[in-house]
Number of protein chains: 2
Amino acid sequence: MQEGLTIGEVSGKLGMSSHTLRYYERAGLLRPIPRTEGGIRRYQEQDVEMLRFLARLRLMGMPIHQIREYAELARSGRDTFEARGELLTKHRSEVIARIEELQRNLEVLDLKIEMYSRGCTPLSAPGDPCAEKLRGLLERKN
Amino acid sequence: MQEGLTIGEVSGKLGMSSHTLRYYERAGLLRPIPRTEGGIRRYQEQDVEMLRFLARLRLMGMPIHQIREYAELARSGRDTFEARGELLTKHRSEVIARIEELQRNLEVLDLKIEMYSRGCTPLSAPGDPCAEKLRGLLERKN
DNA sequence: TACAGACTTAGAGCGCGCTCTAAGTCAAGC
DNA sequence: GCTTGACTTAGAGCGCGCTCTAAGTCTGTA
């Protein structure tokens, strides 16, 4: 037994498949993970930490190629702090925009649900104020 | 010239490509759009209204197969109001969960950005309270 | 009537993010 | 030493949601 976690251990710990872990390495999201003499990956604590953060970026919808960009900066030492901060800040505003978009569309959804619960026909209710409001929301761009 | 909009007009109005409009019809998201004698689609107001709403469902991340399910109910008359309401209500809670997930991950992102702006190394700062907090957030499931 | 340009179909292709397969190697326990 | 099960690689395959292609048809205008 050597130092560091095997791919199976990391997989269990983080809830990502071994396939995905290898894929992330191939894709440049991780440094080349150090191997035993037999060629078996031994993940260090830093690798697991990195993975935890990258997984959050994925959950926030950052595409793989951008995560790679971040990861490459992260591997290039501390004179990339500013660039990394900028990259994350840009992504931050995209996430906020996404949240706002979801919230706007939730309004539409709520109106529609209310109309169904009131049993009034959604597409052809010219008099209904609720139907009018829905129509108005739908006509606005996004 | 006949009654109703051509695919190009709908495409321009809603900002979706003609390709996508045909695809949505094929996929069962729209009723078979009525054609002219020459076989050219003429979208009616009801089709456009439907499309507007379906587009919102897409923006909220509902997969095509679920939208089809909803659309099929919508084509089956008003005794599917309850089922439609349930389907949308279920999706509503998924959207809310997604928003909350994004907000939780935004916390992680904000902490990370703060650390970069303070110029302190994120992965190895055992003393820093901010780094500790980040580590804590990252270790929690999602 | 002829032309241009938008329309039609069936079906292939693509980018994404995994996910799986095949064939083989490594290593912990008996 | 042998078995067993996890590991390795290269590369294929997949589900999703479009997106495009090819070959041909329709239609408004000159």
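Throughout, a chain's letter reflects where its sequence line sits, starting with A, and its residues are numbered from 1.
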Regarding the side chain of Thr20(A), the nearest nucleotide among dG17(C), dT19(C), dT21(D) is dT19(C)
From CG of Leu57(A) across to P of dG17(C) the rounded distance in Å is 12 Å
So does Glu82(B) have more than 12 non-hydrogen atoms from other groups sitting under 6.0 Å from CD?
-> no
So CD of Glu107(B) and CG of Leu111(B): to nearest 0.5 Å the spacing works out to 7.5 Å
*Under 4.0 Å between a side-chain N or O of Tyr23(B) and OP1 or OP2 of dC20(D)?*
no
| query | Is the phosphate of dG11(C), meaning OP1 or OP2, less than 4.0 Å from a side-chain N or O of Arg26(B)? | reply | no
Is any side-chain heavy atom of Ile33(A) closer than 4.5 Å to a side-chain heavy atom of Arg42(A)? no
Grab the N/O contacts between the protein and nucleotides 6-9 of chain D below 3.5 Å, and write none if there aren't any.
from   : atom 1 : to       : atom 2 : distance (Å)
dC7(D) : OP1    : Thr6(A)  : OG1    : 3.1
dC7(D) : OP1    : Gly8(A)  : N      : 2.8
dT8(D) : OP1    : Arg41(A) : N      : 2.7
dT8(D) : OP1    : Arg41(A) : NH1    : 3.1
dT8(D) : OP2    : Arg22(A) : NE     : 3.1
dT8(D) : OP2    : Arg22(A) : NH2    : 3.2
dT8(D) : OP2    : Arg41(A) : NH1    : 3.4
dT9(D) : OP1    : Arg35(A) : NH1    : 2.7
dT9(D) : OP2    : Arg41(A) : NH1    : 2.9
dT9(D) : OP2    : Arg41(A) : NH2    : 2.9

Rounding to 0.5 Å, atoms CG (Leu88(B)) and CD (Glu114(A)) come to a distance of 13.0 Å
Do Gln44(B) and Gln46(B) make a side-chain contact, defined as non-hydrogen atoms from C-beta onward lying under 4.5 Å apart?
yes
Whole-Å distance, Arg68(A) CZ to dC18(C) P, equals 13 Å
Within residues 59-67 of chain B, those residues having any heavy atom closer than 4.0 Å to DNA chain C are none
On DNA chain C, more 5' by nearest nucleotide between Thr36(A) and Ser17(A) is Ser17(A)
Residues pairing under salt bridge (Lys or Arg N to Asp or Glu O under 4.0 Å) where one sits in residues 56-75 of chain A, two or more places apart or in two chains, turn out to be none
_Electrostatic pair Arg31(B)-Glu25(B), nearest N-O below 4.0 angstrom_ = no
